Amino acid sequence: MAPIRVLDPVTPRQARIASRPGRLALQLLGVAAVGASVLVNVVDPYSGVAASEYFTVALEPGSNLPSQSVTSSSQAASIVRDGFTVTEPPKPTPTPTPTAAPAETPSKSGGGGGYAPPAAAPDPGSAQAIAAQMVADRGWPSTEYDCLYSLWAKESGWRYNAYNAGSGAYGIPQSLPGSKMASAGADWETNPATQITWGLGYITGRYETPCGAWGHSQSAGWY
């Protein structure tokens, strides 16, 4: 068996301890690195996830713009936006539809009814002259005589003996039957004044005025 060799104990080496100037340099380098990291996060809050959740952007002095805070799970920022108001667009003013002016119509008499062209001045003593005077005595305007003239010119041609064989009507006002005119006088068959008196009484009771009777005659063909 080989002989056992006993080695002398080895004294452990002591680590070199950096000198004081070296340790100070390392400490300054570490502080600078940490400060740079913090400065980057403050200046640009979106450069990393370590930005402070309380970081905000300061407004300029005197600014009163509204702001909105947007917060995520790890960061927050203040977003400034301009104020605005939403209004509806003005509605266009509708163009008025032009309306046609009403057509002028011939003037009518105060009693209303149809319109008749002006009658010529009647001959003195004629049936038309008697009728015109009776119309004036009733307080009617001359336009009523115009209507009466047209009405009886159509019915009888102003003939006191006009007779309608188909209906039996007789006289200037075409009374049906002719004997009705006896209420105005016994001479109803031959006297134009009696026939006109009865005829104006009939018109007043049924149509109020000669123009009213003329208007009905124009629309219905009789009065």
Side-chain angles (χ1 to χ4, degrees), residues 84-223:
F84 62 90
T85 303
V86 178
T87 58
E88 295 184 358
K91 297 181 180 179
T93 304
T95 303
T97 302
T99 56
E104 294 185 1
T105 56
S107 59
K108 299 180 181 179
S109 65
Y115 165 79
D123 295 332
S126 65
Q128 292 92 333
I130 295 172
Q133 186 60 52
M134 289 186 181
V135 167
D137 292 343
R138 288 174 179 264
W140 289 334
S142 60
T143 51
E144 293 296 339
Y145 170 72
D146 296 337
C147 291
L148 184 66
Y149 178 85
S150 296
L151 176 66
W152 284 349
K154 173 187 175 185
E155 293 292 329
S156 63
W158 285 90
R159 292 178 291 114
Y160 73 90
N161 59 352
Y163 177 72
N164 189 324
S167 64
Y170 182 82
I172 294 174
Q174 286 291 283
S175 171
L176 183 62
S179 59
K180 285 184 177 182
M181 294 186 289
S183 61
D187 57 352
W188 59 271
E189 294 182 89
T190 58
N191 191 342
T194 301
Q195 294 180 358
I196 293 171
T197 300
W198 181 89
L200 289 177
Y202 170 77
I203 288 173
T204 301
R206 187 158 187 175
Y207 301 104
E208 296 185 358
T209 64
C211 283
W214 173 239
H216 185 274
S217 176
Q218 287 291 94
S219 61
W222 54 273
Y223 85 106

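Everything quoted here is computed from the prediction, not taken from an experiment.
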Gap separating the [atom1] atom of [X] from the [atom2] atom of [Y], nearest 0.5 angstrom:
X    : Y    : atom1 : atom2 : value
T204 : W140 : OG1   : CH2   : 3.5 Å
H216 : R206 : NE2   : CZ    : 6.5 Å
W158 : S126 : CH2   : OG    : 8.0 Å
D146 : Y115 : CG    : OH    : 8.0 Å
I196 : M134 : CD1   : CE    : 6.0 Å

Geometric class of the W198/Y202 ring pair [parallel <30°, tilted 30-60°, perpendicular >60°]: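 It falls in the parallel class, under 30°.
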
Return the orientation label for the Y163 and Y170 ring planes: parallel under 30°, perpendicular over 60°, tilted otherwise.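 Y163 and Y170: tilted rings.
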
Any side-chain to backbone donor/acceptor pair from [X] onto [Y]? Under 3.5 Å, distance only.
X    : Y    : answer
S156 : I172 : yes
E208 : G205 : no
S217 : A213 : no
E144 : G139 : no

Measure across P122 and A129 and return the closest heavy-atom pair with its distance rounded to 0.1 Å.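 Scanning both residues, the minimum pair turns out to be CB-N, 3.5 Å.
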
For a quick check under 3.5 Å, do Y223 and W152 share a side-chain donor-acceptor pair by atom type?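 Their side chains do contain a donor-acceptor pair, which is all the 3.5 Å distance test asks for.
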
Looking only at side chains, do Q195 and N191 share a donor and an acceptor under 3.5 Å apart?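 No, N191 and Q195 have no side-chain donor paired with an acceptor closer than 3.5 Å.
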
Could you list the donor-acceptor pairs under 3.5 angstrom formed by side chains in residues 176-185, with sequence neighbours left out?
| unit_1 | atom_1 | unit_2 | atom_2 | d |
| --- | --- | --- | --- | --- |
| K180 | NZ | L176 | O | 3.1 |
| S183 | OG | K180 | O | 3.1 |

Of V135, D137, I130, the residue whose pairing with Q133 passes side-chain contact (heavy atoms from CB on, under 4.5 Å):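 Result: among V135, D137, I130, D137 is the only option passing the side-chain contact (heavy atoms from CB on, under 4.5 Å) with Q133.
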
